[in-house]
Amino acid sequence: MTSVRTRYAPSPTGYLHIGGAWMAFFNWLFARSTRGTFVLRIEDTDPSRSTREYEQAIFEDFRWLGIDWDEGPDVRGPYGPYRQTERTALYHRHAQELLDRGAAYHCYCTPEELAAERKRAEAERRPYRYSGRCRNLTPAQRAAFEAEGRKPTIRLRLTDYGEIIVVHDLVRGRVEFDPEHLDDYIIVRSDGTPLYNFANVVDDHTMAISHVIRGIEHLSNTPRQWVMYRALGWTPPQVAHLSNILGTDKKKLSKRTGDTAVRDYRRQGFLPEALLNFFALMAWYPEENREIYTIDELIEKFRVEDLGKSSPIFDMAKLTWLNGVYMRDLLSRDPARVVGACVESMRGVGLLDGPVAPDRLNYIRRVVEVLGERIKVGRDIITYGDFFLTDVVSYEAEAIQRYFANPKTAEILQDLAARVAGAGEFTAGEAERVIRTLAADRSIHSREIIHPARVALTGKTAGPGLFELMELLGKARVVRRLEEAVTYIGRNS
RNA sequence: GCCCCCAUCGUCUAGCCCGGCCUAGGACACCGGCCCUUCAAGCCGGUAACGCGGGUUCGAAUCCCGCUGGGGGCACCA
């Protein structure tokens with residue numbers, strides 16, 4: 001058996017989409033699991049929408065995910081070039097070959113004429129198929145069209161193909177298509193540029209791609225492509241078509257129901273290994289009763305045949321949980337990665353910009369330490385620890401209601417502020433001692449101090465342990481916030 | 001409209017190919033409880049699914065047919 005070569009072929013018309021990354025991931029997994037080759041090919045045949053900036057961005061997103069490629073525009077390789085716009089000679093050659101073999105023909109119909117045909121079909125409520133008017137043009141007729149100045153497209157002969165086209169899909173099994181329902185489709189535009197279905201076939205073959213895992217939307221394209229392979233005398237690759245990821249509205253994943261770009265997830269502070277683990281779980285469970293897998297385990301266990309057939313819904317809650325599992329593990333093993341994810345999300349919301357100063361980074365490290373297991377995603381440093389990062393404490397409505405209502409509260413907090421101010425070296429232990437003593441002196445339960453104090457210091461009812469949080473905030477900030485709370489309560493009661 | 005694909009808890013899925021081991025397993029989410037200065041984490045427990053209708057069979061989530069529902073394709077987009 002010749003070696004496995006898979007590919008992912010993005011169009012550089014935007015950032016790497018979650019759905020695209022998901023597809024790419026399986027092609028990559030398959031290549032890695034068979035010690036094969038993973039190729040990145042840029043499909044930039046639509047010049048109006050493709051840019052080099054997006055191409056770079058896609059590379060960057062893949063690198064972040066940890067999906068590497070053996071051949072591609074930037075690393076080159078024996079089957080290059082890897083950008084479709086640089087392969088035009090190849091398309092011309094094979095288009096000519098198709099023409100010479102009589103498998104394709106020039107079509108002089110204008111877009112307007114075709115639109116009219118389509119409209120007529122619609123009016124008569126029958127499925128539209130190209131009429132085939134140009135299928136058997138005589139040299140004289142062609143000359144006449146040319147004289148009119150018409151530029152022909154090239155169409156592949158398909159309507160009279162004659163036999164059922166069989167696609168052997170690795171995950172769906174045998175799928176049959178009757179060419180009766182297909183028509184002669186355009187493979188080269190009148191300006192000479194190739195269309196997707198054609199360029200794709202030429203590239204996959206000339207790049208010796210052995211397996212293609214792609215979206216279900218391409219299943220209907222497959223019979224068209226298979227006819228072309230046959231006409232050219234080529235063997236088509238093995239294919240597997242996966243259903244698309246859906247949003248919570250059960251529609252194709254879109255901005256409406258959540259972030260769609262890989263970099264959005266990076267900005268929120270997700271971990272690439274968690275995202276990849278989650279990607280796997282959206283298509284298959286390598287083992288029963290197990291959710292957490294390292295990339296190496298996924299590579300080892302991967303089998304195309306095991307991939308699911310139905311469309312998964314992107315479950316944010318599960319991704320978040322999974323990310324939390326990884327974050328907790330990292331907390332002891334490699335806390336710098338957790339800090340990294342937090343920094344990423346702080347940049348995302350503008351809390352950080354440019355290089356981070358060493359003392360600032362140190363402080364963030366301590367915040368992460370104090371927040372600990374509460375951080376499931378990098379952005380949680382903001383949702384749970386904003387009071388560490390900014391100087392304004394805004395009290396949650398519920399917090400005020402629950403813990404600032406007691407008439408004694410202001411007095412207690414005032415007392416606490418005074419005692420903190422007079423305390424010794426301000427560690428968590430010292431903070432605890434101060435509060436316990438205060439509770440004993442006033443013969444109240446420490447709860448009656450702890451909760452209001454937490455609200456005064458953080459604005460929230462939930463959060464890290466009060467004593468740890470006080471230590472990190474430091475004596476000065478604690479005293480100030482306590483006094484601010486006293487003022488606030490006085491003003492609002 | 002025509003063609004194609006899909007269908008197990010709210011969600012991701014195991015089981016389906018090779019019918020009985022399935023009174024359908026796990027995980028997320030949700031709801032209780034424990035722990036506790038709150039939250040998170042952790043631990044314990046709970047609710048919850050074979051879309052419907054016909055077959056085949058002693059027996060069907062598993063095989064067959066139909067229906068319904070969802071998705072995709074039918075471009076000089078990819």
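Values in this document were obtained by computation on a predicted structure and should not be read as measured data.
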Verify, without hydrogens or angle tests, whether Asp184(A) (side chain) and Leu158(A) (backbone) share a donor-acceptor contact under 3.5 angstrom.
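Yes, Asp184(A) side chain to Leu158(A) backbone: donor-acceptor pair under 3.5 Å.
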Using a 4.0 Å heavy-atom cut-off across all strands, classify [X] as base, sugar-phosphate, or nothing.
X: Lys376(A); result: sugar-phosphate
X: Phe314(A); result: nothing
X: Arg126(A); result: nothing
X: Arg402(A); result: nothing
X: Gly372(A); result: nothing
X: Arg172(A); result: sugar-phosphate
X: Thr461(A); result: base
X: Tyr285(A); result: base
X: Pro223(A); result: nothing
X: Leu466(A); result: base
X: Asn221(A); result: base
X: Ser311(A); result: sugar-phosphate
X: Ser190(A); result: base
X: Glu176(A); result: sugar-phosphate

Go through it in stages, so that I can follow the logic: the residues are Glu124(A) and Lys119(A), the test is salt bridge (Lys or Arg N to Asp or Glu O under 4.0 Å), and I'd like the CA-CA distance, side-chain angles, deciding distance and then a yes or no.
CA-CA 9 Å; Glu124(A) 294 169 22; Lys119(A) 221 167 165 183; over 6 Å; no
Out of [options], which nucleotide sits closest to the side chain of [X]?
X: Trp321(A); options: C6(B), C3(B), A29(B); answer: A29(B)
X: Thr45(A); options: A78(B), C3(B), C28(B); answer: A78(B)
X: Glu217(A); options: A78(B), U37(B), A40(B); answer: A78(B)
X: Tyr196(A); options: U38(B), C5(B), A78(B); answer: A78(B)
X: Arg374(A); options: A78(B), U38(B), A75(B); answer: U38(B)
X: Arg118(A); options: C28(B), C76(B), C5(B); answer: C76(B)
X: His218(A); options: A27(B), A78(B), G25(B); answer: A78(B)
X: Pro312(A); options: U13(B), A78(B), G26(B); answer: U13(B)
X: Ser220(A); options: A78(B), C6(B), G72(B); answer: G72(B)
X: Ala317(A); options: C28(B), U38(B), C4(B); answer: C28(B)

Do Lys318(A) and A27(B) share a donor-acceptor pair, side chain to base, under 3.5 Å?
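It does, because a donor-acceptor pair links the side chain of Lys318(A) to the base of A27(B) below 3.5 Å.
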So does Arg454(A) reach the base of U37(B) with its side chain, donor to acceptor, closer than 3.5 Å?
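Answer is yes: a donor-acceptor pair is held.
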Let's test this: given Watson-Crick or G-U wobble pairing with both distances under 3.5 Å, identify the partner of A7(B).
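Base partner found: U68(B).
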Strictly by modelled atom types, are Arg214(A) and Thr222(A) linked by a side-chain donor-acceptor pair under 3.5 Å?
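Yes, Thr222(A) and Arg214(A) have a side-chain donor paired with an acceptor closer than 3.5 Å.
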Measure OH/Tyr130(A) against P/C3(B) and give the value in whole Å, please.
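Spelled out: OH on Tyr130(A) to P on C3(B) is 24 Å.
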Six-ring centre of Tyr130(A), Arg155(A) cation under 6.0 angstrom, axis tolerance 45°
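Cation-pi check for Arg155(A) and Tyr130(A): passes.
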Taking G51(B) as the reference, what is the distance to C9(B) when you measure between their P atoms (whole Å, please)?
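Roughly 7 Å separates the two P atoms.
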Heavy-atom neighbours of Arg230(A) CZ exceed 12 at 6.0 Å:
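Counting other residues, nucleotides and ligands, CZ of Arg230(A) stays at 12 neighbours or fewer.
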Output yes when Arg442(A) and Asp415(A) qualify as a salt bridge under the 4.0 Å nitrogen-oxygen rule, no when they do not.
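Looking at Asp415(A) together with Arg442(A), the answer is yes, because their closest N to O distance falls below 4.0 Å.
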Side-chain contact, heavy-atom cut-off 4.5 Å: Leu438(A) with Ile412(A)?
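Yes; the side chains approach each other to less than 4.5 Å.
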